[in-house]
Structures are given as C-alpha cells and as structure tokens.
> 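The structure follows.
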Protein chains: 4
Amino acid sequence: MSGINKVILVGHLGKDPEVRHLDGGVTVASFPLATSETYNKDGKRIEQTEWHNIVLWRGLAEVASKYLQKGKLVYIEGKLRTRSFEDKERVKKYVTEVVAENFTILGRKSDFEQTPSTGENSTPKSESDYIDPNDTSGDLPF
Amino acid sequence: MSGINKVILVGHLGKDPEVRHLDGGVTVASFPLATSETYNKDGKRIEQTEWHNIVLWRGLAEVASKYLQKGKLVYIEGKLRTRSFEDKERVKKYVTEVVAENFTILGRKSDFEQTPSTGENSTPKSESDYIDPNDTSGDLPF
Amino acid sequence: MSGINKVILVGHLGKDPEVRHLDGGVTVASFPLATSETYNKDGKRIEQTEWHNIVLWRGLAEVASKYLQKGKLVYIEGKLRTRSFEDKERVKKYVTEVVAENFTILGRKSDFEQTPSTGENSTPKSESDYIDPNDTSGDLPF
Amino acid sequence: MSGINKVILVGHLGKDPEVRHLDGGVTVASFPLATSETYNKDGKRIEQTEWHNIVLWRGLAEVASKYLQKGKLVYIEGKLRTRSFEDKERVKKYVTEVVAENFTILGRKSDFEQTPSTGENSTPKSESDYIDPNDTSGDLPF
DNA sequence: TTTT
DNA sequence: TTTT
C-alpha cells in the first residue's frame with residue numbers, strides 16, 4: 001500500500017517505435033531507449049550506456065508512433081514493471097520494462113517541426129480544458 | 001518549449017487543508033507542507049525544515065480535503081508556479097507554490113483505514129478503467 | 001551523452017538486506033522492495049504489487065545493512081541497470097536492478113529511534129560539512 | 001524527519017550564470033531558468049513559461065560558470081529553499097530558489113563542444129573512482 | 001530573461 | 001540499437 005514507482009529518463013531512441021494493435025483496439029508501442037553517462041576512470045573519459053525497454057499504451061502509443069523516431073532525444077516519465085513470458089523453448093523468462101506515462105521531445109529545433117508535449121505535461125494551467133492523454137476517442141492533444 | 005517542471009516532496013502537513021470554492025464551482029485546496037532534513041554539523045545532528053505552499057485543484061482538492069489532515073505524511077508530485085499578488089497595502093508580492101498533480105498518503109496503517117492512492121497513481125494497470133484524477137463530474141477514485 | 005537515468009521508489013522491504021563483502025573490501029547489499037498501487041476495477045479495489053531488486057554499494061550498503069529490515073518503508077533514489085549473468089545451467093539471463101544512490105527511511109516514529117537520513121539528503125545546508133555518502137573510510141553520516 | 005524535497009527541471013537559461021565569491025572562498029552561482037509548457041485552449045496553442053531562480057554552490061557553481069550560458073538547455077536536479085531578505089526599503093521579503101545538486105547539459109552537439117556531465121551523474125559505475133561534485137579542492141570532474 |  |  002502507498003507505494004511510489006517512478007522512473008525518469010532522458011535518452012535517445014535506439015529504433016523507431018514498434019506499434020501493435022491488440023484485440024479490442026488497444027494500441028501498444030515500444031522502443032529501446034539509451035541513456036548514456038560519462039565519467040572519468042584513470043584520467044580517461046568512459047561512456048557507459050544503459051538500454052531501457054519503453055512501452056506505451058493507448059493514446060500515448062499513438063502519439064509516440066507519430067512523433068518519435070530513432071535517434072530522437074526524449075524525456076520519459078513512467079513506472080517499472082517486470083513481467084514474465086515464455087520464450088520459444090517455453091522457458092520462463094523475465095523482462096523489466098518502463099511503462100511510459102508521459103513524454104516530451106527534447107533537442108534540436110528540427111526535431112520540433114511537428115512536435116508536441118504529451119501526457120500530463122498537457123494538463124491545464126487554468127481550470128478550463130483538461131486533455132486526457134489516455135483518451136483515444138478524440139483529437140490528439142495538439 | 002520542451003520543458004520539465006517537476007517537484008517531488010515527502011513531508012507532513014502543517015495544517016488541515018483549507019478549501020475554497022471558486023465561481024464556476026471549481027474547488028481549490030491548499031496547505032503548508034514541511035520537509036525536514038537532518039545532517040551533521042560539528043558532530044551535532046541538526047534538523048532543518050523547509051516549508052512548502054501546496055495547492056490542489058478540482059478533484060484532487062476534494063480528495064485532499066477528505067483524506068488529508070494536519071500531521072499526515074504524504075508524497076506529493078507537482079510543479080512549481082510563482083505568482084504575484086497585492087497585499088493589503090497594495091504592495092506587489094510574489095509567492096512560489098507547488099501545484100500538486102498527484103499525491104499518496106504514506107505512514108501508519110491506521111492512517112490508511114479510509115485511504116486512497118490518488119492522481120496518476122490510479123492509472124490502470126490493465127487497459128480497462130482509467131479514472132481521471134482531474135475529473136470532478138463523477139465518483140472519486142475509490 | 002547527456003542522459004538521465006533516475007528511479008524513485010517508495011515501498012517496503014520484502015526481506016532483510018543481504019550483505020556481501022567483495023574482494024578488495026567493497027561492500028554490496030541487496031534486497032527486494034515492493035511498491036504497491038491500488039486502483040479500481042469494476043468497482044473493486046485491486047492492489048497490484050511490483051517487486052524491485054535493490055542494490056547498494058559501499059557506504060550506502062553498510063548504512064542499509066544497519067538500519068533497514070524486512071517490512072520497513074523506505075524512499076529510494078537510484079538508477080536502472082540491466083546486467084547479464086549465467087544461471088546454473090549456464091544459460092545467459094538478464095536482470096534489471098535499481099542501484100540505489102540515496103535512501104531515507106519513512107514511517108513510524110519508532111522506526112526512527114536509531115535512524116538516519118542518508119546519501120545526498122545529507123548534503124549540507126550550509127557550506128561547512130559535506131559528508132560523502134559513498135565514502136567508507138570514516139564515520140557513518142550520523 | 002524523513003522528508004524528501006526534490007526538484008527536477010529541464011529548461012533554458014535566461015541569462016549567463018552570475019558568479020560570486022563569498023568570504024572564505026566559497027563560490028556561488030545563480031541564474032534564471034525558464035521551463036515552458038504548451039497546451040491547447042479553445043483550439044489555440046498556448047505557451048506558458050515558468051521562471052525559476054537556480055542557485056549553485058561550490059564546485060557545482062564553478063562548473064556552471066564555465067559550461068552554462070544564456071540560452072542553453074539543461075537538466076537540473078535540486079531542492080527547494082525559501083529564504084527571507086530585506087529589500088532596499090528594509091521590507092522583509094521572501095524568495096523561493098532551487099538549490100541545484102546536479103545538472104546536465106542537454107541539446108545540440110555544438111553545445112557540447114567543451115561540455116560535461118556533472119554532479120551525481122558522474123558517480124562511478126564501478127567502485128573505483130568516485131568524484132565528489134561538491135569537492136572544490138581538486139580537479140573538476142572532466 | 002530562455003527556447004520552440 | 002541511440003547520442004555526443
């Protein structure tokens with residue numbers, strides 16, 4: 001009870017988002033995201049890259065499939081989820097994913113040509129026009 | 001464009017939430033929150049407390065007025081907003097507030113007897129029943 | 001370059017920390033942490049628990065082994081790291097862990113009787129006495 | 001006791017950092033940071049900008065003065081601190097600042113020509129070479 | 001006072 | 001598999 005499970009990432013997409021439409025019309029998108037970190041070791045700069053499996057659902061998946069491409073720099077907020085599955089040999093395996101709840105494209109101007117801000121960052125400043133990032137029934141939030 | 005403005009606090013309410021109903025039926029709640037930090041100075045433990053002005057809108061304000069009281073320990077997620085106002089002598093002043101987007105009560109089990117988790121923490125794990133924390137038209141999310 | 005890889009968790013320890021001392025005197029501690037989330041599904045409250053593998057190094061491991069026990073509620077800040085290993089059958093497997101950079105015990109007053117705040121939360125408010133949470137050479141930060 | 005006070009910002013510097021050297025040799029740097037957010041109101045895109053007062057101490061101040069300039073996009077992690085002061089008319093006033101504990105430059109390649117990653121993002125992946133971001137006695141972490 |  |  002009363003837990004917090006929050007992940008904040010800034011990194012580059014390793015591939016274009018892969019989009020699937022589940023039975024019932026639910027959209028899911030996923031892509032690998034690289035977060036790199038540089039540090040000194042014995043006077044040399046070492047770069048260490050960590051790869052994350054990003055998963056997005058519904059409206060967020062659709063926005064992602066439209067505006068995110070391989071190489072783009074994004075801020076992603078989400079939560080951790082570890083799920084099990086069986087591989088081809090029917091061996092049970094586990095994978096930990098970051099289920100995105102919100103993302104924002106960062107970076108170069110050219111990246112913004114057709115861009116959004118998404119998720120809860122679209123919450124209203126005034127009290128007039130809340131756009132539900134999870135709502136797929138209507139217009140996208142931009 | 002492409003900014004992030006996020007605040008994460010864990011602290012105790014200094015007072016009960018103060019609730020106001022604006023013209024148009026919008027609910028606003030506010031309360032002071034203390035975050036304390038302990039550190040060593042010359043071998044002595046020093047506790048330093050920082051006070052934050054928390055503001056909640058709409059459904060979140062109503063949930064807060066119902067479940068938060070002075071002394072409770074809460075996790076709050078929100079964003080910074082600095083606004084100006086005129087005091088009684090008509091001097092322009094500034095105040096920085098944390099506009100809550102989500103909160104969760106932490107602490108003793110007894111605190112949870114009638115408790116919730118709120119805001120985006122209520123987002124569905126499955127794809128079936130999203131409850132909009134900003135929606136005041138219907139039932140509260142618990 | 002320029003990545004951010006940050007995890008923020010509030011949850012309960014599933015077990016006491018397990019401590020190991022590596023060659024070279026480095027201390028490592030680890031424990032499972034549960035973050036639970038409650039949401040409505042068809043009018044019923046569903047609780048969903050996510051388990052995280054927490055790993056702590058050096059001074060933070062020592063502090064953890066001393067002050068954290070099964071059942072305690074903690075705030076943990078860290079980063080994601082996925083590493084591979086071979087199981088007993090020499091099959092390559094992957095596991096994603098949260099490498100803690102900082103933690104704070106939350107919860108009942110009785111929990112705090114001998115407690116600390118650790119890591120970067122111990123950074124000085126004044127400019128006088130920085131205590132390095134990663135430094136194992138000297139006293140613990142409290 | 002047991003509080004968390006954390007701010008995460010991504011935005012652009014409104015001015016070059018202003019650096020001061022206090023008695024005792026402590027360095028302090030400060031600059032305004034803009035975080036912008038775009039949302040829809042009646043079909044029009046509205047941009048709303050929030051300004052934050054960023055303050056950096058010691059080694060972090062020196063790194064900032066060297067690598068941050070007006071216009072740059074940065075990720076900043078820190079904590080809120082409200083302090084009082086007297087203005088020229090000796091009226092007591094309050095200001096809320098974000099005391100940075102860590103920052104990373106984001107954005108265009110040209111921005112990185114002489115750039116770093118700083119603060120805790122420079123913490124070692126291995127257990128060999130921790131560089132204290134608050135330590136001003138030695139070399140900067142790059 | 002930034003940026004898109 | 002990204003980016004600098």
Side-chain angles (χ1 to χ4, degrees), chain A residues 9-18 30-39 44-54 64 67-76 98 103-118 121 142, chain B residues 1-5 80 82 84 94, chain C residues 1-5 82 84 94, chain D residues 9-18 30-39 44-54 64 67-76 98 103-118 121-122 142:
Chain A
L9 304 173
V10 175
H12 293 92
L13 280 80
K15 294 185 184 171
D16 285 351
E18 189 180 309
S30 60
F31 55 82
L33 186 85
T35 57
S36 302
E37 191 173 2
T38 312
Y39 63 99
K44 277 178 295 186
R45 297 199 62 182
I46 309 266
E47 180 169 311
Q48 183 158 327
T49 297
E50 188 67 38
W51 286 97
H52 311 271
N53 304 305
I54 311 296
Y67 295 99
L68 296 184
Q69 293 90 30
K70 176 177 172 170
K72 284 217 170 149
L73 181 66
V74 284
Y75 167 96
I76 292 179
V98 174
F103 73 83
T104 299
I105 303 182
L106 302 172
R108 280 148 283 128
K109 169 157 168 71
S110 56
D111 287 348
F112 290 105
E113 238 74 274
Q114 45 160 204
T115 271
S117 129
T118 56
N121 285 337
F142 44 88
Chain B
M1 183 172 279
S2 82
I4 300 299
N5 173 359
L80 290 169
T82 299
S84 62
Y94 294 86
Chain C
M1 181 173 282
S2 82
I4 301 298
N5 173 359
T82 299
S84 61
Y94 293 87
Chain D
L9 304 174
V10 175
H12 293 91
L13 279 80
K15 295 185 185 173
D16 285 351
E18 189 180 309
S30 60
F31 55 81
L33 186 85
T35 57
S36 301
E37 191 172 3
T38 312
Y39 63 99
K44 276 178 298 188
R45 295 198 65 180
I46 309 267
E47 179 169 312
Q48 183 159 324
T49 296
E50 189 68 36
W51 286 96
H52 311 271
N53 304 305
I54 311 297
Y67 294 99
L68 297 183
Q69 294 90 31
K70 176 175 173 172
K72 283 216 169 148
L73 182 66
V74 283
Y75 168 95
I76 292 180
V98 173
F103 72 83
T104 299
I105 302 182
L106 303 172
R108 279 149 284 127
K109 162 141 172 76
S110 57
D111 288 348
F112 291 103
E113 239 72 277
Q114 46 159 206
T115 274
S117 128
T118 56
N121 284 336
S122 301
F142 44 87

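Note that the coordinates shown come from a computational prediction; the quantities given were computed from them, not determined experimentally. Below, read A as the first sequence line, B as the second, and so on, with proteins coming before strands; counting in each chain starts at 1.
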> Out of F:dT2, E:dT1, E:dT4, which has the shortest distance to the side chain of D:E47?
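Per side-chain heavy atoms of D:E47, the pick is E:dT4.
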> Find the distance C:I4:CD1 to F:dT3:C1' and express it as a whole number of Å.
14 Å
> Starting from P on E:dT1, measure out to CG on D:L13 and report it in whole angstrom.
15 Å
> Rounded to the Å, how far apart are D:E50 CD and E:dT1 C1'?
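So the CD-C1' distance, D:E50 to E:dT1, works out to 13 Å.
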> Starting at OH of A:Y75 and ending at C1' of F:dT2, how long is that distance when rounded to a whole Å?
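Checked: the OH to C1' distance equals 20 Å.
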> For the residue pair B:T82 and D:W51, what are the closest heavy atoms and their distance?
OG1-O, 4.3 Å
> Taking any heavy-atom pair under 4.0 Å as a contact, classify A:K15: base, sugar-phosphate, or nothing.
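The answer is base, as A:K15 lies within the cut-off (heavy atoms under 4.0 Å) of a base atom.
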> Atom CZ of A:F31 and atom C1' of F:dT2: how far apart are they, to the nearest Å?
11 Å
> Go through the structure and list residues passing side chain to side chain donor-acceptor pair (under 3.5 Å) with D:T35, not counting sequence neighbours.
D:H52
> Could you tell me how far apart D:K72 (NZ) and E:dT4 (P) are, to the nearest whole angstrom?
14 Å
> For A:T35, answer base if it contacts any base atom (sugar-phosphate contacts may also be present), sugar-phosphate if it contacts only those atoms, and nothing otherwise; contact means non-hydrogen atoms under 4.0 Å.
nothing
> Rounded off to whole Å, could you give me the CG-to-C1' distance for the A:L73 and E:dT3 pair?
15 Å
> Picking from E:dT1, E:dT4, F:dT2, which would you name as closest to the side chain of D:K70?
E:dT1
> Would you mind reading off the distance between D:Q48 atom CD and E:dT1 atom P, rounded to a whole angstrom?
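Going from CD in D:Q48 over to P in E:dT1 covers 18 Å.
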> With D:T49, which residues qualify under side chain to side chain donor-acceptor pair (under 3.5 Å), at least two apart?
D:S36
> Provide the closest heavy-atom pair for D:P17 versus D:A64 in the form atom of the first, atom of the second, distance.
CG-O, 3.8 Å
